[in-house]
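Below, all heavy atoms of this structure are taken into account, side chains as well, without hydrogens, waters or symmetry copies.
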2 protein chains.
Amino acid sequence: MPTTRSYGDACTIARALDVVGERWALLVVRELLFGPRRFSDIRRGLPGASSNLVADRLRELEAREVIHRRRLPPPAASWVYELTPRGRRLEPVLDALGEWGGELPRPPEPFALSAASVLLYLRGAARPDPAEPPATFRVELRTGGDVAEVWTVRTGDGRVQVEPGEPPRADAGISTDPHGLNDLLAEPSTLDDHDVTGDRAALRRLVRSVQAA
Amino acid sequence: MPTTRSYGDACTIARALDVVGERWALLVVRELLFGPRRFSDIRRGLPGASSNLVADRLRELEAREVIHRRRLPPPAASWVYELTPRGRRLEPVLDALGEWGGELPRPPEPFALSAASVLLYLRGAARPDPAEPPATFRVELRTGGDVAEVWTVRTGDGRVQVEPGEPPRADAGISTDPHGLNDLLAEPSTLDDHDVTGDRAALRRLVRSVQAA
DNA sequence: CCGCATCCGTTTCGATACTG
DNA sequence: CAGTATCGAAACGGATGCGG
């Protein structure tokens, strides 16, 4: 059964926490930052959360108009969750939390690390040279078991864009897992250890631009 | 007994929530944003939190170096809690949450509203005319029962500064309670309903500058 | 399989009472 | 004033069940 408790405090901070302050709520939002995701995708990004908890949070967040449940067009016949405009406005909150959390120690291994987490870090930390031509990358991330998610990462204009799903065309591709990508961003010289296709130099520039920051 | 559970997730957002994601934790930080406070001051700002919860959170936040427990110099012989540098760096998180929470409905009455909450709102929303001369205000807020807190509010340079405690000298003073001050900021014309001393015009300018925003 | 619902032991919360 | 002790209620976390 969904949680409805409130701080009973008119302060806007407390009102915000009434909606997204329950355990796992902001991490669910994190998983949706890059676009719609199915229930099982969300669960894969939050391996520590039990299924009923995720279902509860999704219901609560939907009731508060932070997320929206939508049926995919045929032939998918599946449901996806996506952020509403209100939910997308939580991005500054997650950015601020992520910035603050960067100074804290990591939990002991083994720890989770979702695709969304790493790509959020990549997008925030990479500073691609604006003079470089735009490039599109296919990033394949093995997320538990033999399941793999495919993401589209684009550079250009000194920015990095991230979207879930297969790119229509890619200059380069890399296949790894979230931990591997994270390690790569911390230590660009390990690029050769990874399964890379296409324009390796473009990928190298992207990865190195994280260090520059 | 303090909580030590972790999301077990290396994402910096999850690491931040490991430390300040427990219930009431960020509201305790809110109460300390303007300076050191005693246990009972914090409790008065969080009337919905039981004493053992507040004690637990304070211990946890101290262990994570978000706050620090310090003995006041004699003859006070009392203890205060204050933010560490790490704790002060949470201000952007609270700002982002407060901004987002502003669009949400208030809880049903009766709701709490601490002095820190209202003054946080005042400081964030007021846009005093930079051309006006600086002014200092004594703000006395009755916070439950017959207890009153005294705060110092200064304008100047187009900014508002807030500190707990008696001002050395004040151009004007107002005595009300947090709800009254909040209502006043929403409806400046009600200033005449309040107990004001000194330069009423300066206080009126401050209050009206919240509307301009 | 995916998307939950149900059950159940454990942890946390919240209210009240109590102590140095 | 500044907490601790206790206890029932709620929330969490893991396992399992089950319809589409």
Trainee: Would B:R44 count as a cation-pi partner of B:F39, with NZ or CZ less than 6.0 Å from the six-membered ring centre and within 45° of the ring normal?
Mentor: no

Trainee: Closest nucleotide of DNA chain D for A:G48 versus for A:T4: which of these residues is on the 5' side?
Mentor: A:T4

Trainee: Is a donor on one side and an acceptor on the other found under 3.5 Å between the side chain of A:T84 and the backbone of A:G87?
Mentor: yes

Trainee: Would one find a side-chain N or O of A:Y81 under 4.0 angstrom from OP1 or OP2 of C:dC4?
Mentor: yes

Trainee: Distance from B:H194 atom NE2 to B:R200 atom CZ, nearest 0.5 Å?
Mentor: 10.0 Å

Trainee: When we call it a touch if two heavy atoms are under 4.0 Å apart, what does A:T3 touch: a base, just sugar-phosphate, or nothing?
Mentor: sugar-phosphate

Trainee: May I ask you to list the residues of residues 12-47 of chain B, by number, that have any heavy atom positioned under 4.0 Å from an atom of DNA chain D?
Mentor: B:R38, B:F39, B:S40

Trainee: Between A:S51 and B:R69, which residue's closest nucleotide on DNA chain D lies nearer the 5′ terminus?
Mentor: B:R69

Trainee: Which residue, A:W79 or A:S6, contacts DNA chain C at a nucleotide closer to its 5' end, judged by nearest heavy atom?
Mentor: A:W79

Trainee: Of all of residues 52-61 of chain B, which get a heavy atom below 4.0 angstrom from DNA chain D, listed by number?
Mentor: B:N52, B:A55, B:R59

Trainee: Please report the interatomic distance CG(A:L203) to CD1(A:I174), rounded to the nearest 0.5 Å.
Mentor: 5.0 Å

Trainee: To the nearest 0.5 Å, what is the distance between CG (B:L46) and OG (B:S117)?
Mentor: 8.0 Å

Trainee: Could you tell me which residues satisfy salt bridge (Lys or Arg N to Asp or Glu O under 4.0 Å) with A:R69, sequence neighbours excluded, listed by chain and number?
Mentor: none

Trainee: Please list all pairs meeting side chain to side chain donor-acceptor pair (under 3.5 Å) that have one or both residues in residues 92-101 of chain A, counting only residues at least two apart or in different chains.
Mentor: none

Trainee: First contact, last contact: which nucleotides of DNA chain D are these for chain A, 5' to 3', heavy-atom distance under 4.0 Å?
Mentor: D:dA11 to D:dA15

Trainee: Using the ring centroid of each side chain, check whether A:W151 and A:F137 are separated by less than 6.0 Å.
Mentor: no

Trainee: How would you list, by chain and number, every residue that makes a salt bridge (Lys or Arg N to Asp or Glu O under 4.0 Å) with B:R138, sequence neighbours excluded?
Mentor: B:E140, B:E166

Trainee: Please check if any side-chain donor atom of B:W24 sits under 3.5 Å from a side-chain acceptor atom of B:E22, or the reverse.
Mentor: no

Trainee: Any donor and acceptor pair, going by atom type alone, linking the side chain of A:D183 with main-chain N or O of A:G180 inside 3.5 Å?
Mentor: no

